[in-house]
Amino acid sequence: MNFRIEWAKFPFLRYTIALIIGILIYDQFSFELKSYSNYLSITLITILCLNLAVYFFRVAQLKSLLGWLFIVFSGIYLCHINDPLRHPTHIRYNCTDEKVNYAAQINSNPVISDSIIKCELSLIEMINEKSIPVTGTIKASLIKDDSMRRLQYGDILSIYSGIKEIKAPDNPYGFDYRAYLASKNIFHQAFVKRGSYEILAKSDAASIWKSAFRIKNHLMERFDRIIVKSQVKVFARALVLGDKNDMDSELKTKFSETGVIHVLAVSGLHVGILYGIILGLLKVFKSFKYHEQLTFIITIICLFSFALITGFSPSVSRSVLMFSLFALSNLINRKSSSYNTIFLSAFLILLISPKMIYNLGFQLSYAAVLGIVYFYPKFTFDSGYSFLNKIIDLSSVSLSATLSTLPLTLYYFHQFPVIFIISNLFIIPLITLTLVLYLFLLAVSFSNSIVALINPILEFINGIMINGVGLLNDIPYSLIENVYFDNIYLIISALLLIFIVLSIELRHKIFIYGTSLILLVGLGYFTFLKWNWNENERLVFISKKEINAPIIIKGRKMLIETKDEIPEKVKSIIKPYVCEFGINEIDIIVDSTLRDNKTKCWVTSSNNVIYP
């Protein structure tokens, strides 16, 4: 049985894959490539010239190959020109722990807490006996000075501080904050004391980013003024403006463990809800002559206005671009593949910001959308009852998104919420209603009587959401946690998902054999890991004040010396080690003693005696 993958139907799938390969090649060999910018430019121009020559001679196969290579090298070149470390003026090559004066511009919306202002600063110059131009972005924490006016995006500051390179994490299996900031081209940080910074100039230049942050801050202040209950304010900031800074960490944990954390971050879900509301409202103009053009214009204005008030957060910008392309496709009556539209948006985003490929939100949002587009039609069906159909549709969307993002979820979070369908069935209708009410509240904020009417409704819905998620989180065995899932498992599971899809679509035995082979490889890797875990014998010293004694790992058992039950903070610290070493039992050391004055042993709470 012959088969053929019709790549011609999905051009932007090919282009996006080629661009991603180029980005990954640069990051893998960036040290070597930085010295060869001229060769890179010549290679790019050469491939372009060959493409033109092949086009005129019409050699189809060679043209396709060279076109693909052109995009790969374009990805490499884009990374090169966007790499701040290639500049000799970068702060990495001029960094000093000694305190000196720097001039820098705020290039993010400052996050203000009770005593600290956190923001990103783009360095302009270093003043140490003489002025030296410096470049690069740093993460800055400034002690709040109440005598100064509020810092804003675009302000130019003078800071007197030392700048340090961000260190690798002390705990190797924990969250790598350095790698996270490096994906945003930030490699250094500074802690600036009160009185060690001042505003040199206020930015008066017109900027879409400055306008976006100003509108966002204004709306946050308006929410604070018109909403009574503090918890409702926090939800308003999170759902409408994407600001979760004041949200309780315990509440975020409950939402995460029930599989609905995505509703707290302004993302594709919220943009999709808004897009559906706009299309629903504009149906009243269906009889108009230019209904389609009017729908497109209003939709684009509304979507980009929503992106503006959220400060053009990456997740919203991605979703707005994607839905705008869908709206444009409907306008021009082009029956293009949904996959092309999805990959076109990804291609454009990566052209603008190649480092976005490492952004967790980028990976999860595109995996979820692709899963919904492919799996949803296969899962949903008509029950014959309108209300039941809505439940089936919502469950199918939730199942599709969860299935396609499962490898990434296990890799990054090492947990799986078993009741995700029930949680989403419960929370998404409430979130939709809440989002509509919040937007309506902003629109009628001039009327105290309407605001007073809506506030109790929002408090009631907010209470239902929090209490409902809490009850779901308390269900026994509702969460599978501490799942070991490394790079190899991620690759195996991603390949397995792709081969299953290809087996379904192309029905060829090569993909069925491939699926079986991947399953065998996965099983073999699991067997190897289990054997390796059972052989574990190590002493782990964790650099955290909450743990003042080493952790003993013997086989798949972890021993912790503590006087009482393990505190929640300690549990979060040891979680990466539990995942990494396949720990299935944690025991508390209640006594540490010497046997025969020579050999140290440990007595655990389960009356086991452990010898090193």
Side-chain angles (χ1 to χ4, degrees), residues 5 13 16-17 20-21 23-24 27-28 173 175-176 179 183 256-257 259 261-262 268 339 342-343 346 357-376 378-379 396-421 424 478-533 556 575-576 578-584:
I5 301 175
L13 169 59
T16 305
I17 291 173
I20 290 172
I21 289 173
I23 294 169
L24 297 178
D27 285 337
Q28 188 67 31
Y173 305 113
F175 174 67
D176 193 342
S183 70
S256 174
E257 291 179 351
I261 188 65
H262 58 282
Y339 299 103
I342 294 167
F343 282 107
I357 190 65
Y358 299 108
N359 182 277
L360 174 59
F362 178 90
Q363 296 170 13
L364 287 173
S365 62
Y366 277 97
V369 172
L370 287 170
I372 291 168
V373 170
Y374 180 76
F375 290 112
Y376 170 73
K378 300 186 183 304
F379 292 154
S396 299
V397 169
S398 178
L399 182 60
S400 301
T402 302
L403 182 61
S404 58
T405 58
L406 184 59
L408 290 171
T409 303
L410 293 176
Y411 177 70
Y412 285 108
F413 304 111
H414 302 283
Q415 63 183 30
F416 177 69
V418 178
I419 56 170
F420 68 92
I421 291 182
N424 280 278
S478 62
L479 179 71
I480 300 172
E481 54 184 342
N482 298 330
V483 179
Y484 179 82
F485 210 83
D486 61 0
N487 294 333
I488 296 175
Y489 264 139
L490 179 64
I491 294 169
I492 289 172
S493 58
L495 286 173
L496 181 63
L497 200 58
I498 292 168
F499 268 75
I500 288 173
V501 170
L502 291 173
S503 299
I504 294 170
E505 292 302 311
L506 301 176
R507 301 181 184 278
H508 194 275
K509 60 184 180 182
I510 190 171
F511 297 113
I512 298 172
Y513 293 156
T515 303
S516 304
L517 179 61
I518 293 168
L519 282 170
L520 286 173
V521 170
L523 185 61
Y525 184 59
F526 174 74
T527 305
F528 166 76
L529 283 175
K530 199 169 180 180
W531 171 81
N532 194 44
W533 286 333
R556 301 184 69 180
K575 182 177 179 179
V578 173
C579 298
E580 181 67 26
F581 298 112
I583 303 298
N584 57 15

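Counting from 1, the numbers follow the sequence of the chain as shown.
Residues forming a side-chain contact (heavy atoms from CB on, under 4.5 Å) with S398 (at least two apart in sequence, or on another chain): T402, F420, I421, N424. For L406, the side-chain contact (heavy atoms from CB on, under 4.5 Å) criterion is met by L410, F416, not counting sequence neighbours. For S404, the side-chain hydrogen bond (donor to acceptor under 3.5 Å, both in side chains) criterion is met by no residue, not counting sequence neighbours. Partners of S256 under the side-chain hydrogen bond (donor to acceptor under 3.5 Å, both in side chains) rule, at least two apart in sequence or in another chain, are Q415. For Y513, there are no side-chain hydrogen bond (donor to acceptor under 3.5 Å, both in side chains) partners two or more places apart in sequence or in a different chain. Residues passing the ring-ring contact (aromatic ring centres under 6.0 Å, His included) test with F379 are F375, sequence neighbours excluded. Looking at residues two or more places apart in sequence or on another chain, you find a salt bridge (Lys or Arg N to Asp or Glu O under 4.0 Å) between E505 and K378. The side-chain contact (heavy atoms from CB on, under 4.5 Å) test applied to I21 returns I17, I25, W68, V72, not counting sequence neighbours. With sequence neighbours excluded, the residues satisfying side-chain contact (heavy atoms from CB on, under 4.5 Å) with V373 are S338, Y339, I342, V369. Applying the side-chain hydrogen bond (donor to acceptor under 3.5 Å, both in side chains) rule to T405 yields no partners; only residues at least two apart in sequence or on another chain are considered.
Using a 4.5 Å cut-off on side-chain heavy atoms (C-beta onward), I500 and I504 make contact.
Note that CG of L479 and CD of E481 are 5.0 Å apart. Values are rounded to the nearest 0.5 Å. Taken to the nearest 0.5 Å, the CD1 atom of I518 stands 13.5 Å off from the CG atom of L523. Here the straight-line distance linking atom CG of L519 with atom CG of L495 works out to 11.5 Å at 0.5 Å rounding. Remark: L502 CG to I510 CD1 distance equals 10.5 Å, nearest 0.5 Å. Once rounded to the nearest 0.5 Å, the distance linking CG of L517 with CD1 of I512 reads 14.0 Å. Rounding to the nearest 0.5 Å gives a distance of 5.5 Å between OG1 of T409 and CG of L364.
A donor-acceptor contact shorter than 3.5 Å links the side chain of S503 to the backbone of F511. Of the possible polar contacts, one joining the T16 side chain to the F343 backbone as a donor-acceptor pair under 3.5 Å is found. A donor-acceptor contact shorter than 3.5 Å links the side chain of S400 to the backbone of Y376.
Side-chain N/O atoms of Q363 and Y412 include a donor and acceptor closer than 3.5 Å.
Contact detail for A367 and L408: the closest heavy-atom pair is CB-CD1, 4.1 Å. In terms of heavy atoms, Y358 sits closest to I23 at OH-O, 4.4 Å.
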Please tabulate, for side-chain N and O atoms in residues 485-494, each donor-acceptor pair with protein atoms closer than 3.5 Å (sequence neighbours left out).
residue: D486; atom: OD1; partner: I488; partner atom: N; Å: 3.3
residue: D486; atom: OD1; partner: Y489; partner atom: N; Å: 2.9
residue: D486; atom: OD2; partner: Y484; partner atom: OH; Å: 2.9
residue: D486; atom: OD2; partner: Y525; partner atom: OH; Å: 2.3
residue: N487; atom: OD1; partner: Y411; partner atom: OH; Å: 2.5
residue: S493; atom: OG; partner: Y489; partner atom: O; Å: 2.9
residue: S493; atom: OG; partner: L490; partner atom: O; Å: 3.0

